[in-house]
Protein chains: 2
Amino acid sequence: MSQEVSARSSRGEQTRRAIVAAALRLFRENGYEATTMRAIAKEAGVATGNAYYYYGSKEELIQEFYVRNQAEHAAACRQVLAEQTGLAARISGVLRALVDVQAPYHAFAATLYKHAAEPASPLSPFSKASSPTRNAAIGLYAEVIAGARIRVPASLRSRLPELLWLYSMGVVLYWAHDTSPGCQRTYQLIDSTAPVAERLVRMARLPGLRSLTRQLLSIAGGTLH
Amino acid sequence: MSQEVSARSSRGEQTRRAIVAAALRLFRENGYEATTMRAIAKEAGVATGNAYYYYGSKEELIQEFYVRNQAEHAAACRQVLAEQTGLAARISGVLRALVDVQAPYHAFAATLYKHAAEPASPLSPFSKASSPTRNAAIGLYAEVIAGARIRVPASLRSRLPELLWLYSMGVVLYWAHDTSPGCQRTYQLIDSTAPVAERLVRMARLPGLRSLTRQLLSIAGGTLH
DNA sequence: GTCTATAACACGATAGAC
DNA sequence: GTCTATCGTGTTATAGAC
């Protein structure tokens, strides 16, 4: 009761916040490897062992980065989703916002995806631990489609959000490798692929491509269960 | 002179081989993390410091895994490339061989791609350090195309080997995440996507798809320089 | 140049006392 | 919940033997 009410700003919760704040700041400034758990604990004003009481591992602290990012991305998309009605414009707007939001963490993100790539890791975007974040992201792409002036072929309708999410993962992977100034090449990639994506959606209905679409979807269905 | 001749089986080369053999065996049996440098050195019958004399880090030992794999894969493909003439059959044969060769290292490979995913890492398949292995692999896919009874549209010809290599990387990524018994799902993925790949190559020539093909290729061109 | 032996360091993570 | 002390790790350093 009163315990639960005060739980949000309880001492434990304060400590937790201090730890994650210190971690994210140090990660951004010094990168992942260079930031030691000892430094995080010291910066947060707690003992090393205490940091482990709240976060079972250094990697677990990264989940917080994901969660925060997803929230910031959703917020950064609002305007584009409210104003744009073309599918390509909505897609590129959302992807540009994704890159914008992560920009301050570019160097950090590069080292981060090292850990995300391990299939067994809870940090993998395909893992069970990531499913809340993943579902939130897929929901965002459902909104991208729903608000666009376009007739999505029935065959595609249910799966298109997942496919757009997969597409966004590819963009993020590209971005992580992108060393061009200001990550121009990633923005170019977004601007050149978004119209193609819209075109592919429209073409999926053409008679000559129907069976191909069906084939590709059944493969994707098996992959993303 | 005589120094160089005997260099191949010199004491140093023997030690080197002993270390890498011990490392790969322990990696396969116990995984990457569980295998310590101390254990590798002990298994190879050398001092810990000596292992570091030959391999600057634990990760460097993984490059040997790549090199060995590439060679085994090329050998495993010979029969398929000699016998099959259909593009889809050649592709699926080569990809099946790729999975077959790596099968004993499935669990190990899953933890390995953690390191490969880091853009800055020399283990990244896109890195400069990996370019010999990558070029050898791309050359293999050039052979896949050259020996197939198919007319590849001029627009595609120069870039298709790279694209097939990229496709193979996707299959390997899927395989690393595949937990189905015997990795059946990966084999299914190969068998269902290879015919689609052939179909896409044939369709690239159709008038309605020409401009789309050109668009997609210019994107891929920017990506893979 | 090749190799051994041994010690030491900083790190991620854990145990157990308070 | 919080601490201190400690473990096992990758890695480096040193000093020297063949």
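Convention: sequence-line order gives letters A, B, ...; per-chain numbering from 1. Atoms considered below: every heavy atom in the structure, side chains included; atoms not considered: hydrogens, waters and symmetry mates.
Rounded to an integer number of Å, the gap from CD of B/E60 to C1' of D/dT11 is 13 Å. Straight-line distance from the CG atom of B/N50 to the P atom of D/dA17: 17 Å, rounded to whole Å. Computed from coordinates, the A/Y55 OH to D/dG1 P distance equals 13 Å when rounded to whole Å. B/L26 has its CG atom 12 Å from the P atom of D/dG10, to the nearest Å.
Taking only side-chain nitrogens and oxygens, B/Y53 comes nearer than 4.0 Å to OP1 or OP2 of C/dT2.
Closest to the A/V46 side chain, of the nucleotides D/dC3, C/dT4, C/dG1, is D/dC3.
The minimum heavy-atom distance between B/L123 and B/Q63, with the atom names listed, is CD1-NE2, 4.0 Å.
A salt bridge links A/K114 to B/E59: at least one charged side-chain nitrogen sits closer than 4.0 Å to a carboxylate oxygen.
To the nearest 0.5 Å, atoms CD1 (B/I19) and CD (B/E64) are separated by 10.5 Å.
Aromatic ring centres of A/F108 and A/F65: separated by under 6.0 Å.
With sequence neighbours left out, the salt bridge (Lys or Arg N to Asp or Glu O under 4.0 Å) criterion links B/R96 to B/D191.
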Pull out every protein N or O sitting under 3.5 Å from an N or O of nucleotides 12-16 of chain C, one pair per line with the distance.
| unit_1 | atom_1 | unit_2 | atom_2 | d |
| --- | --- | --- | --- | --- |
| C/dG12 | OP1 | A/K58 | NZ | 2.8 |
| C/dG12 | OP2 | A/M37 | N | 2.9 |
| C/dG12 | N7 | A/R38 | NH1 | 2.8 |
| C/dG12 | O6 | A/R38 | NH2 | 3.0 |
| C/dA13 | OP2 | A/Y52 | OH | 3.0 |
| C/dA13 | OP2 | A/K58 | N | 3.0 |

| task | Could you check A/L189 against A/W175 for side-chain contact (heavy atoms from CB on, under 4.5 Å), going step by step and ending with a plain yes or no? | result | CA-CA 9 Å; A/L189 180 73; A/W175 169 75; over 6 Å; no
